[in-house]
Structures are given as C-alpha cells and as structure tokens.
Amino acid sequence: MDNTEEVVALCKRRGFVYPGSEIYGGLGGIYDYGPLGVEMKNNLKKLWWSWMTVEHENIVGIDGAIITHPRVWEASGHIKSFVDPLTECKKCHHRFKADDVDGKKCPDCQGELTEPKNFNILVPTELGVIEGEKIKTYLRGEACQTIYLNFKNVANSTRVKLPFGIVQIGKAFRNEVTFGNFLFRQREFEQWDLQWFTKPEEMDQWFEYWKNARMDWYQSLFTHPENLQFYQHEKLAHYAKKAFDIRYRDREMEGIHWRQDWDLGRHGQFSGQDLSFEGIVPWIVETSGGVDRTFLFLLLDSYTKDGDRVFLKLNPKISPYKVAVFPLLANKPELVRKAQEIYKHLKLECKLATVWDDRGNIGKRYYAQDEIGTPWCVTVDFQTLEDQTVTVRDRDSAVQERLPVASLDSYFIEKLK
Ligand code: GAP
C-alpha cells in the first residue's frame, strides 16, 4: 500500500518536514526540517556516527567544508561527466530527464520534445568581492570528496594504520533535472559516508564485509526489514569491479562502491601531492547513504493503520520523543504537580526526550503521540497520589500497565537498550 501522501501530510501537520521557503511559494526540491524532524534526524545521525566510530575500530570522522577548490571537481571527473540528459517540450517548455520519459512526447501535454542535451548538475557559486575577479566554484556534488582532500591530513595527524576508515555526515548539492518525490530527490540533501582505505589485496574481503554490515545496520532500524534488498549494478565505472545499492522497496538508499585508487590517484595527479600511505595509494570501499532518504523510508515503513488508530511504529531509538507525560485531568493541581515532577525527572535527570501534554482528553493525547511515534505515555491519575504508581501505555500494543513511579527510569532505560 502506498502511504506516501498521508506521510507527507503528516510531516507538515506535525512538524517533521516543511517545504523550503514556503511563504514565497516554495523552491522545488528544497525542504526544511521542523521541530520533530530535526530530533528524529539527529537521533538517526547519532546512531550512525556511534555505530561507525564507537562500535568499529580504526574509524575517525571529519566535517569538511561545503565549498571546495574548483580543481577538486575537475580531478573527480564531475565537471566532465556529472551530467544528466535534459530534454524540453517545445510546446509547454517543461523540462525532463531524458531517461525518465519514454518516446518523444511530453508527458504533460503530448508536445514534441527536443533532442536531449547534456546538463551538468553541479551547483555553481562564486567567491570574492570584486566583479570580474570572483572565482567560480561549486557546492559539493558529493560529500565524500572532502574526505579524499583530507586523507593525508588525517593519516598524519592521527594514529591510523591500514585498513582504516574516515566518516562524514554532510550536505551535498545537485541541480537535479527532475526533483520531487518529496525527500527522495532533492537539490540539497545530506549524505553519510564511510571511505574505507585498504590494501588492494584485501579489497574483496572488505567490500563484502561493509556491504553486509551496512545491510544489517539498516535492517536493525526498519520496522519491516523484509522491505530492504540489495541491487547489483551492471553498468560500472571503469575503475569499479562491483557496485551494490541497498534499496527500500526498489528505491536506492545507500550505495556500496568499489572506488579502487581512482580518487586518491586523481587528486594526487591533479594536486601534485603524494597521497600514498604506508608505501601504496590505498584502495577504497565506499558506503554512501542518504540521510533524508533513510528518514523518509523509515517514516513510510513505520506508518501503521490499525482500525481507527494511526501510529508510527518507529524503533524507539529514532522516535523524536521517547516518553509523553500527562496529568489525567489538567484542572486538578495535585495531579498536575505530580505529573510535572515525573516529567522533569525523566527529562532533566534521566535525559530522556520527554514531552508534556495536558490538552484535550486522554484519548486525543494518545492519538497525538501515536501519530508522531512516541513509544510510551505515562499518565498520572488519582491512584498515583495514593500508591505512587502510574499507567504506562505502549504505543504498538496500546496496552497499559501499572508501574511504580520509582521504577520508571530503569524500565525505560532497559527498553531503549
Ligand atoms: N559518493 C558517492 C555518491 O554520492 P550517490 O549514489 O550519488 O553516490 C549516495 O549518492 C546517496 O545519496 C544515495 O544512495 C542517496 O541515498 C543519496 N542521494 C543522492 N542523490 C540524492 C538526491 N537528489 N536527494 C536525496 N538523496 C540523494
């Protein structure tokens, strides 16, 4: 079942994602994350970063600049070949990526289409204050290039030895001919990349390792891991022996790429610097994923309808809020006082992302928390004042259990392990 439209509407209504520059009519392919979206995206990025740098040995991170020297994109091959074939309708002047339209007719008005022309999708910009002396450069077309630029810096300033990895989460920019499909194809988006530097003779082994490790990682996050699959590319770059995608329902989420010594070799050649290390130019296995695509697919995958209930069955580690706390009745100060005490304790002392709600009736509050994927709701009622217990409602089963207030910390911490 395709629930994209409902998920897009939910994103706007509840503050996950807004169309970029909306009050000026929007800007195609550009989006802003709202209060819940930024929490969820940060949770995701923290999980990825810690999986890479804490759970693995020999991986360090960088945060490179978005604007780079223009020669970078000559060396990388993007100026020459980062192109999409663009075709235009002679009647309505709508533009399309030639690969996306069948035949020679405009999908919008059936007008005749022009012959496709190659269009470079790097996003240019200018640096400098004097007209005529400005230098033309580009916003990063792929984040990984700043890892190659800093390869020697990292090798010299840390204690890494081959094989080792450099990771980065950062923005990339592409003048996509056909943007759309919500977060799927944007013109500004975020990538999480690992560049794993290895000896050539260990390349096969590491390629297999990372391919499987990345799939396991994604599967551990998705509600329906069976929706993820590998796709093997047949058309390969000349240096690549193999390339796989990890796909969500046939749509690419991450690429596992055999980059060999192409990147360091080219940057060595174009910069005139020696980029060898331990006597060789290391070979590279790349895992390059889309943060926004993962975010989108996780929402689509977790969106669940059960009778009248609509809920995001998100892995609690990703949910924007872990716990919601309610007083059963907002006009009973003794209930509000006790609920506030629990709310503040969970939020400030246990450092759990906790939200307060005392609007409307309890049913509406559960509905509102279900819709944003909050895994547990704590309600303070009159019994709480007598025996120091509360109800804890589970999002997925909608079942409530009664627990002592004193056990809440350990209960949630155990659940989040
Ligand atoms: N460094 C390799 C590289 O950039 P890519 O397959 O072009 O490879 C990697 O991009 C990932 O970035 C993709 O798997 C996808 O998740 C994400 N991505 C690429 N273009 C995107 C776009 N226009 N909007 C959103 N995400 C995109």
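Every number for a ligand or one of its atoms is a count from 1 in the order of the listing. Computed from a predicted structure; not experimentally measured. Sequential numbering from 1 along the given sequence is applied to the chain's residues. These numbers come from the heavy atoms of this one structure, side chains and all, not from hydrogens, waters or symmetry mates.
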Under 3.5 Å, is there a donor-acceptor pair between the Glu88 and His93 side chains?
yes
How far is atom 25 (C) of ligand 1 from its nearest protein heavy atom, and which residue and atom is that?
Phe184 O, 3.2 Å
Taking the ring of Phe197 and the ring of Phe151, is the distance between their centroids below 6.0 Å?
yes
Ring centres under 6.0 angstrom apart (Trp258, Trp196):
no
Who gets closest to atom 20 (N) of ligand 1 by heavy atom: Arg247, Gln186, Glu252, Arg174?
Arg174
Under a 4.0 angstrom heavy-atom cut-off, which atoms of ligand 1 come close to Leu183?
25 (C)
Glu286 heavy atoms, cut-off 4.0 Å: which ligand 1 atoms fall inside?
1 (N), 2 (C)
Write out the residue and atom name of the closest protein heavy atom to atom 11 (C) of ligand 1, then the distance separating them to 0.1 Å.
Ser288 O, 3.6 Å
Are Phe182 and Tyr31 close enough that their ring centers fall under 6.0 Å?
yes
So Val60 and Val154, do their side chains get closer than 4.5 Å, heavy atoms only?
yes
Could you establish whether Arg259 and ligand 1 come within less than 4.0 Å of each other, counting only heavy atoms on the residue side?
yes
Here the gap from Asp245 atom CG to Glu254 atom CD, rounded to the nearest 0.5 Å, amounts to 9.5 Å
Among protein heavy atoms, which lies nearest atom 16 (O) of ligand 1, and at what distance?
Met253 O, 2.8 Å
Would you say ligand 1 has an N or O under 3.5 Å from any N or O of Phe189?
no
Near Glu226 CD, under 6.0 Å, is it more than 12 heavy atoms from other residues, nucleotides or ligands?
yes
Is Asp216 salt-bridged to Arg214, cutoff N-O under 4.0 Å?
no
min-distance protein heavy atom vs atom 10 (O) of ligand 1 -> Gln191 NE2, 3.2 Å
If you scan protein heavy atoms around atom 15 (C) of ligand 1, the nearest is Arg293 NH1, 3.5 Å
Looking at atom 17 (C) of ligand 1, what's its closest protein heavy atom, distance included?
Gly290 CA, 3.7 Å
Residue His257 vicinity, atoms of ligand 1 by number, heavy atom under 4.0 Å
8 (O)
Quick one: do the Tyr148 and Gln195 side chains pair a donor with an acceptor below 3.5 Å?
yes
If you measure from each heavy atom of Phe179 to ligand 1, is any distance below 4.0 Å?
no
Of the listed options (Glu190, Glu142, Arg185, Arg140), which comes nearest to atom 3 (C) of ligand 1 when hydrogens are ignored and any heavy atom counts?
Glu142
Evaluate the criterion side chain to side chain donor-acceptor pair (under 3.5 Å) for residue pair His345 and Asp409; output intermediate values, then yes/no.
CA-CA 9 Å; His345 173 74; Asp409 304 15; 3.0 Å; yes
Quick one: which ligand 1 atoms are inside 4.0 Å of a heavy atom on Cys144?
1 (N)
